[in-house]
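This one's a predicted model, so the numbers in the text were calculated from it and none came from an experiment.
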There are 2 protein chains.
Amino acid sequence: MIKVSTKGRYGLRLMLNLASHYNSGNKAVILKNVAQEEDISIRYLEQIIIPLKIKKLVKSIRGAGGGYTLARKPAEINVCEILEALEGTCALVDCVEDTDYCDRLPGCAAYEVWREASQLLQNFFKKVTLQHILDLGEKKLQKSKEKGKTRR
Amino acid sequence: MIKVSTKGRYGLRLMLNLASHYNSGNKAVILKNVAQEEDISIRYLEQIIIPLKIKKLVKSIRGAGGGYTLARKPAEINVCEILEALEGTCALVDCVEDTDYCDRLPGCAAYEVWREASQLLQNFFKKVTLQHILDLGEKKLQKSKEKGKTRR
DNA sequence: ATTATTCCTATAAATTTATGTTGAAATCCC
DNA sequence: GGGATTTCAACATAAATTTATAGGAATAAT
Ligand code: FES
Ligand code: FES
């Protein structure tokens with residue numbers, strides 16, 4: 001249980017792809033390229049990007065020469081926003097965000113566990129921005145290069 | 001994304017139900033009663049309890065007068081164990097536990113985010129035992145009672 | 001024997017994941 | 001300006017997985 005759905009995983013990778021292009025000129029990126037680079041069906045990406053557009057995390061430009069760009073700087077978009085756009089909330093169980101959802105809430109002890117865990121996760125995801133992840137990736141890449149150099 | 005599956009939610013409630021009976025005599029509990037008390041289909045509970053039995057978190061006693069009991073004291077079973085029994089791992093994405101799962105791992109920056117988040121969650125769930133949750137529930141119940149008293 | 005229970009297998013329903021088809025808007029090029 | 005092209009947009013459908021129900025066999029108690 002407690003797996004990030006493919007929507008969430010693909011959504012983050014989509015956003016990271018847009019973010020990397022944002023820093024190098026911010027030209028619109030077409031989904032076809034993202035689909036190729038990330039090896040995800042373009043049709044599925046089209047569905048995933050809709051809620052991201054609605055939540056104003058990306059902007060779309062139609063027609064030839066169009067595509068998608070981040071609506072804000074990578075440093076100003078955090079993972080929590082992305083996940084929330086893709087499913088309305090990033091709580092581990094629905095009763096945490098919607099107190100009417102579960103009628104056994106008053107006596108439910110499990111609720112407290114899910115609530116605390118959700119809080120923990122949410123705080124973490126709020127702190128991590130796309131820029132952080134890009135920097136992390138850069139570092140990771142460099143490290144693996146160095147390792148390659150010293151090996152003989 | 002990142003919802004606890006029904007298997008996980010029902011599984012924890014099932015275990016909590018067994019735990020509450022464990023402390024009051026540890027007689028075998030029959031699934032029919034759990035199903036009624038928790039309002040979950042008995043057929044579905046039967047399926048959910050199988051992996052819990054395999055992982056030796058519960059013991060079964062067949063035949064009339066049989067049922068299920070916790071295999072250890074509630075204070076010695078934590079939430080992480082339960083979730084792992086129910087789906088093999090409590091990591092947020094499969095690449096975290098199975099490094100062969102995802103062939104884009106070497107360059108994937110998102111991976112680090114999921115890994116850290118998984119670690120965070122796992123550490124939390126490992127610290128929470130069934131006994132902790134029972135105590136929490138007791139406290140919760142008492143609090144709501146007090147509140148009822150002062151209201152007039 | 002009869003009853004109560006877990007155990008095993010099959011299948012139905014619902015949801016999530018993925019693909020296909022067509023339409024609409026913007027741009028490019030002549 | 002206008003047709004061809006490129007791209008997003010919207011809707012429909014298929015495949016896979018998760019969630020839930022059903023029927024009956026095996027086991028033990030009375
Ligand atoms: S699971 Fe909803 S309140 Fe317990
Ligand atoms: S999601 Fe598997 S390694 Fe990035």
Atom-to-atom span, [atom1] of [X] to [atom2] of [N] - whole angstrom:
X: B:Leu31; N: C:dA4; atom1: CG; atom2: C1'; value: 13 Å
X: B:Ile54; N: C:dT6; atom1: CD1; atom2: P; value: 16 Å
X: B:Ile2; N: C:dT16; atom1: CD1; atom2: C1'; value: 16 Å
X: A:Ile42; N: D:dT6; atom1: CD1; atom2: C1'; value: 11 Å
X: B:Arg13; N: D:dT19; atom1: CZ; atom2: P; value: 14 Å
X: B:Lys7; N: D:dT17; atom1: NZ; atom2: C1'; value: 11 Å
X: A:Arg9; N: C:dT17; atom1: CZ; atom2: C1'; value: 10 Å
X: A:Tyr68; N: C:dA26; atom1: OH; atom2: P; value: 14 Å

Open item on the list: Both B:Lys32 and B:Ile50 contact DNA chain C. Taking the nearest nucleotide for each, which residue is further toward the 5' end?
Closed with: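 Checking each residue's closest nucleotide, the 5'-ward one belongs to B:Lys32.
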Open item on the list: Can you see whether B:Gln131 engages B:Asp135 through a side-chain donor-acceptor pair at a distance of less than 3.5 angstrom?
Closed with: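 Their side chains do contain a donor-acceptor pair, which is all the 3.5 Å distance test asks for.
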Identify the pairs formed between an N or O of the protein and an N or O of nucleotides 21-25 of chain C at a distance under 3.5 Å, and give each distance.
{"unit_1": "C:dT21", "atom_1": "O4", "unit_2": "A:Arg43", "atom_2": "NH1", "d": "2.7"}
{"unit_1": "C:dA24", "atom_1": "N3", "unit_2": "A:Arg62", "atom_2": "NH2", "d": "3.1"}
{"unit_1": "C:dA25", "atom_1": "O4'", "unit_2": "A:Arg62", "atom_2": "NE", "d": "3.4"}
{"unit_1": "C:dA25", "atom_1": "O4'", "unit_2": "A:Arg62", "atom_2": "NH2", "d": "3.2"}

Open item on the list: Give me the atom names and distance for the closest heavy-atom approach of A:Thr69 to A:Ala28.
Closed with: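 What the structure gives for the nearest pair is CG2-CA, 3.5 Å.
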- [ ] Measure across A:Ala110 and B:Ile133 and return the closest heavy-atom pair with its distance rounded to 0.1 Å.
- [x]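 So the minimum-distance heavy-atom pair works out to N-CG2, 4.1 Å.
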[atom1]/[X] to [atom2]/[Y] distance, rounded to the nearest 0.5 angstrom?
X: B:Arg13; Y: A:Cys108; atom1: CZ; atom2: SG; value: 6.5 Å
X: B:Ile82; Y: B:Lys7; atom1: CD1; atom2: NZ; value: 15.0 Å
X: B:Leu92; Y: A:Arg9; atom1: CG; atom2: CZ; value: 11.0 Å
X: B:Leu121; Y: B:Lys126; atom1: CG; atom2: NZ; value: 12.0 Å

State whether [X] places a side-chain N or O below 4.0 Å from either non-bridging phosphate oxygen (OP1 or OP2) of [N].
X: B:Tyr10; N: D:dT19; value: no
X: B:Ser60; N: C:dT5; value: no
X: A:Thr6; N: C:dT17; value: yes
X: B:Lys53; N: C:dC7; value: yes
X: A:Ser41; N: C:dT17; value: no

TODO: Please examine the side chains of A:Glu81 and A:Leu57, heavy atoms only from C-beta on, and report whether any two atoms are closer than 4.5 Å.
DONE: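 A:Leu57 reaches A:Glu81 side chain to side chain.
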Pairs under 3.5 angstrom, nitrogen or oxygen only, protein versus nucleotides 10-14 of chain C, please.
none

TODO: Give one of base, sugar-phosphate or nothing for B:Ile61, where a contact means two heavy atoms less than 4.0 Å apart.
DONE: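 Contact class for B:Ile61: sugar-phosphate only.
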- [ ] Take A:Phe124 and A:Val128, measure what side-chain contact (heavy atoms from CB on, under 4.5 Å) needs, and give me the verdict at the end.
- [x] CA-CA 7 Å; A:Phe124 174 75; A:Val128 181; 4.0 Å; yes
Side-chain polar contacts of residues 40-48 of chain A - donor-acceptor pairs under 3.5 angstrom, sequence neighbours left out - could you list them?
{"unit_1": "A:Ser41", "atom_1": "OG", "unit_2": "A:Arg43", "atom_2": "N", "d": "3.2"}
{"unit_1": "A:Ser41", "atom_1": "OG", "unit_2": "A:Tyr44", "atom_2": "N", "d": "3.2"}
{"unit_1": "A:Tyr44", "atom_1": "OH", "unit_2": "A:Thr6", "atom_2": "OG1", "d": "3.3"}

